[in-house]
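What follows is one structure encoded as structure tokens, with my remarks underneath.
Computed from heavy atoms alone, side chains included, the values below leave out hydrogens, waters and symmetry copies. Residue numbers begin at 1 in each chain, while the letters A, B, ... track the order of the sequences.
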2 protein chains.
Amino acid sequence: MREASNRSNRRVVYETLRRKVLTLELPPGTSLSENELAASLGVSRTPVRESLILLGEEGLVRVFPKVGSFVSRVDAERVADAQFLREAVELAAFDDIPGTLDPELVAELRANLEQQREARLDLEKFFELDEAFHHGLLRLSGHGRAWSTVVAAKGHLDRARRLGLHETNGMGRFVDEHHSILDAVVAGDISSARDSLRAHLRAVFDDIEKTRQRSPELFATDDGSVPVRRSIAVWE
Amino acid sequence: MREASNRSNRRVVYETLRRKVLTLELPPGTSLSENELAASLGVSRTPVRESLILLGEEGLVRVFPKVGSFVSRVDAERVADAQFLREAVELAAFDDIPGTLDPELVAELRANLEQQREARLDLEKFFELDEAFHHGLLRLSGHGRAWSTVVAAKGHLDRARRLGLHETNGMGRFVDEHHSILDAVVAGDISSARDSLRAHLRAVFDDIEKTRQRSPELFATDDGSVPVRRSIAVWE
DNA sequence: TCGACGCTGCTTACATACAAGACCTGCCAC
DNA sequence: GTGGCAGGTCTTGTATGTAAGCAGCGTCGA
């Protein structure tokens, strides 16, 4: 197998699986057999297994020894944990925002918001821009590298959010909130920026809570029980 | 169904290696050959390799394809990132401390402080108690589960701290600071508790910075270069 | 009807074999 | 002496073989 890419097979498998789990293309409870995945992806079990272990550490997959691996349920506790973590980090970063902002970064954030406006009806595209925006906010204070930790911890939060947003009709409101945040930061009104950001993050979380009360079956406190084994065509 | 209770070989290898890296028993730059480790530990390459991959994701080990795996250098940037993260999380948790504390947990923290006093000259024992104390502070606000994320992110910070504390003569000062924090929390003075905690965490970080200026060779911005291969007896 | 038991097929965990690339070392030409 | 090349030996990456355990289901007995 000579793929000219310097990205290892494991990296590709890991990123592919992770994306499919986060986008709910692989819904919670889906069986992830090493053999099936390996056959589907045209690789051996080794890189698949290593990827499942990593996803297991991230909490996106549960591996039951000698039984099977499954996409983890959306755990309400983990969602709340991630919410707490991201709020703590993003708000704390605002305390370290310098007096004069990096103009290039500000321009990038403004351009991002324009694209958000255009993509407000395209869930996946919007999510991608939303991620870049919040990462950019962290970079304003020089704490951009902390984003990766937040990303690794908020898988359950992202899935819960997608569960809710599948039923909404547009992310225009979020774009407005993003604008308020950025405007306050640029105006140097950090206190106002903090309030706007907190309100924004809380609004997102409230949407999730509403979804949970409407459709509790989508959520579950992960009690360690093995999901019913289903024959799901994991790959097309 | 048991999942966590069954400690697999991989789990044991991972935890063993992680501990040795964090305690500097395996100092930065040490070569970690999969074959050597497997032979030393009496297992095959598989669990060793999987552990190295996990440690690589944590930033404690760098894996250079076809070249070798090495204990990562203590990266000043990662130390600062972890400091920012833990400070953000621990301080934010104080905002959610309930009016009436869990008396059992408070008793546990007080007992922990007693032990800290006794162990103030025993570096490793003190570290263990320190970890439990800060974890306990998070649990006071119901955010105990966020600690695991902090732990996973602060490997470089812990190593840097150990580098510094190897040269000090006792952790009595830290015990006093811990007392101040807990006393303020119990007294219901959250604002004062926040100040004390921030001062404590900053003091720890300042110690690290002092160490870095005294011994810059122990730190290094990890530029991706392969360390000089050394024949180190990794295991006794 | 219902419960116990064993077989069968699946799973992951671990071990091992093979592949491919990087580095070191020593030889050789000059 | 010195530069360059080749080969040997290390490394990790991947593939595959082996072991052990759980679950589901059919069978059998009461």
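The separation between N35(A) atom CG and dG17(D) atom P is 12 Å, rounded to whole Å. We find that CD1 of I53(A) is positioned 11 Å from P of dT12(C), with the value rounded to whole Å. Spacing between atom CD of E36(A) and atom P of dG9(C) amounts to 17 Å, rounded to whole angstrom units. Whole-Å rounding puts the R10(B) CZ to dA15(C) C1' distance at 16 Å. Rounded to whole angstrom, the span from the CG atom of L41(B) across to the P atom of dC14(C) amounts to 13 Å. Rounding to whole angstrom units, CZ of residue R49(B) and C1' of dC18(C) are separated by 14 Å. Here the C1' atom of nucleotide dT16(D) and the CD atom of E34(A) are 13 Å apart, to the nearest Å. Put simply, CZ on R45(A) is 12 Å from C1' on dA19(D), counting in whole angstrom units.
Side-chain atoms of T46(A) and base atoms of dA15(D) include a donor and an acceptor less than 3.5 Å apart. Counting distance only, with no hydrogens placed and no angle test, the side-chain atoms of R11(A) and the base atoms of dG13(D) include no donor-acceptor pair under 3.5 Å.
Looking at H135(A), its side chain does come within 3.5 Å of a backbone N or O of G144(A) through a donor-acceptor pair.
Listed pair N9(A) / dG13(D) fails the phosphate criterion, with no side-chain N or O lying under 4.0 Å from OP1 or OP2. Close to dC10(C), at under 4.0 Å from its OP1 or OP2, lies no side-chain N or O of S33(A). In terms of phosphate contacts, S44(A) brings a side-chain nitrogen or oxygen within less than 4.0 Å of OP1 or OP2 of dA15(D).
Side chain of K66(A), nearest nucleotide from dG13(D), dA19(D), dT16(C): dA19(D). Residue P47(B) places its side chain closer to dA15(C) than to any other of dG13(D), dT11(C), dA15(C). Taking the side chain of P65(A) as heavy atoms from C-beta on, and the options dT12(C), dT14(D), dA15(C), the nearest nucleotide is dT12(C).
Across R159(A), R78(A), E58(A), a single residue satisfies side chain to side chain donor-acceptor pair (under 3.5 Å) together with S72(A), and that is R159(A).
Using the six-membered ring where Trp is involved, F84(A) and H143(B) have ring planes that are parallel, under 30° apart on the 30 and 60° scheme.
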Chi angles and distances behind the salt bridge (charged side-chain N to carboxylate O under 4.0 Å, His left out) call for E15(B), R18(B): CA-CA 5 Å; E15(B) 288 171 3; R18(B) 186 172 192 279; over 6 Å; no
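A salt bridge links D207(B) with K210(B); the closest basic N to acidic carboxylate O contact falls under 4.0 Å.
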